[in-house]
Amino acid sequence: MGVPGPGGPIIYLDNNATTPVAPEVVDALLPYLKADYWNPSSAYDRARSASDAIARSRNAVAVFLGGVDPGEVLFTACATESCNTAIFGAARANPERRHVITTAVEHPAVLEVCKELQRTGHEVTFLPVDRKGSVGLKDFVRALRPDTLIVAVMHANNETGVVFPIAELARLTKETDPSILFFTDATQTAGKVAIDLKGEFASVDMLAFSGHKLHAPKGVGVLFVRRGARWRPFMIGGHQEGGRRAGTENVPYIVGLARAIELASKDHAEVERRICALRDRLERELLARIPYLEVNGAGAPRLPNTLNISCHFIEGEGILYQLNELGICASSGSACTSGSLEPSHVLRAMGVPFTAVHGSVRFSLSRYNTDADIDRAIDVFPTIVASLRRLSPYWDVARNRPRPEAEGMLREGSGGKP
Ligand code: PLP
């Protein structure tokens, strides 16, 4: 049970934050840290092994994305760089277009870029989401305008796992105006959900993801840019990546990313079925054992590995602290910003009630999780929740339910704008 950790074995249920590097990935990349350390741009014969390795890896990514042209695949340092590059690059190449569409629940790698464009003169529509965390197609179509530059909508949400109808949104965009760029942040889906940029996603112009969410190391990402998309590079100062992303390539990690992709593709259906069964069991058992528990994103299409729950009347941070003491790693929806615990912008946008928005915990699984990990989480979680509720002034311990005066609060939305 569990994986080795610094203070003994741990149960790692925070795979949307990052994933353990697969041993096969380490084996594949090590030669490029040791013997084959060459700069891929060097002219001597030996360096060819590095440039060839990049070419092979690029081909592997191109196949993984549905058989796109390898020339449409750029290696970057992370998904944040890919998202920044895509959106700022589109804005710089199309200065006459001043309108951007995104959602209220994007990762900051997109949300903050859109806010920066807003600060510098663009108009940005932050599409709302409904209580399940989904975007309405009617709202979306209404938001498209003749001066829309780019649509940036994530493939799946990192906090709730809610999957957005990207194929449909991209198609609607192109039907309205083929020159509007469509970008999707696929950081949470690459390796979990098939991505076919020649088929279902044929209307997507740009797509980003990151190695460390699919068992490759941190420090390598991908940006797909469809041939013909009007876009300008962000990183300049070198000829690498065809002059579209300057900087000496991170050969070992690019090789590792290609190996991780190979692993993810090999037994994808079987792994997905197993992870989904573990996640569903965790969800079912926690709902059965804990009153006043909500599954955020329930009813919407969700990633098979993600469970985001809110426990009314307690703080997610308190839960995480106790889970941590027991060697279980998960995460909460709160971000500690400037000393105050801000509830998640995603849950607020979904209208999660005030009493639940602070009490959210995200469990995210990977291929390395076992039945025993889930047994342990099911075993300890209800006790943790009960112990924290005992301290809540709103909780009636004897009746194991909220005090009557707190019942009304259950329906109060937390509100929230990006
Ligand atoms: N986009 C999403 C949806 C994410 O979940 C993350 C990381 O959590 C990022 C972007 C940023 O990825 P990176 O850490 O590779 O920059």
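Remember, it's 1-based here, ligands and their atoms both numbered in the order they're listed. Heavy atoms only: backbone and side chains are in, while hydrogens, waters and symmetry mates are out.
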J.: Is there a donor-acceptor contact under 3.5 Å linking the side chains of Q188 and H155?
T.: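 Looking only at side-chain atoms, H155 and Q188 do not form any donor-acceptor pair under 3.5 Å.
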J.: Give the residue and atom name of whichever protein heavy atom lies nearest to atom 4 (C) of ligand 1, and the separation in Å to one decimal.
T.: H107 CD2, 3.3 Å
J.: Go through ligand 1 atom by atom and flag the ones less than 4.0 Å from a non-hydrogen atom of N158.
T.: 3 (C), 5 (O)
J.: Taking distance alone, with no angle check, do A79 and ligand 1 share an N/O pair under 3.5 Å?
T.: yes
J.: Which of the atoms in ligand 1, numbered in the order shown and given with their element, are less than 4.0 Å from a heavy-atom of S210?
T.: 13 (P), 15 (O)
J.: For ligand 1, does D185 get within less than 4.0 Å through its side chain, its backbone, both, or neither, judged by non-hydrogen atoms?
T.: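 For D185, the contact with ligand 1 is made by the side chain alone.
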J.: Taking only Lys NZ, Arg NE, NH1 and NH2, and the carboxylate oxygens of Asp or Glu, determine whether R376 and D371 approach each other closer than 4.0 Å.
T.: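 No.
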J.: May I ask whether K213 has any heavy atom positioned less than 4.0 angstrom from an atom of ligand 1?
T.: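 Within the 4.0 Å threshold, so yes.
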J.: Counting heavy atoms not belonging to E283, are there more than 12 under 6.0 Å from its CD?
T.: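 Yes, enclosed.
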J.: Which of parallel (below 30°), tilted (30 to 60°) and perpendicular (above 60°) describes F313 and Y394?
T.: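 Because their plane-to-plane angle lies in the 30° to 60° range, the rings of F313 and Y394 count as tilted.
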J.: For N308 and N157, does a side-chain donor sit closer than 3.5 Å to a side-chain acceptor?
T.: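 N157 and N308 do not have a side-chain donor-acceptor pair below 3.5 Å.
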J.: Judged by non-hydrogen atoms, does H212 sit under 4.0 Å from ligand 1?
T.: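 Yes, H212 has heavy atoms under 4.0 Å from ligand 1.
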J.: Give the atom numbers and elements of ligand 1 that come within less than 4.0 Å of a heavy atom of T80.
T.: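 Listed by number with element, the hits are 11 (C), 12 (O), 13 (P), 16 (O).
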J.: Only counting residues at least two apart or in another chain, list the ones meeting ring-ring contact (aromatic ring centres under 6.0 Å, His included) with Y37.
T.: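 In terms of ring-ring contact (aromatic ring centres under 6.0 Å, His included), with neighbours along the sequence ignored, Y37 is linked to no residue.
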J.: How close does the nearest protein non-hydrogen atom get to atom 5 (O) of ligand 1, and which residue and atom is it?
T.: Q188 NE2, 2.8 Å
J.: Go through the steps for H212 and T18 under the test side chain to side chain donor-acceptor pair (under 3.5 Å), then give the verdict.
T.: CA-CA 6 Å; H212 72 104; T18 196; 2.7 Å; yes
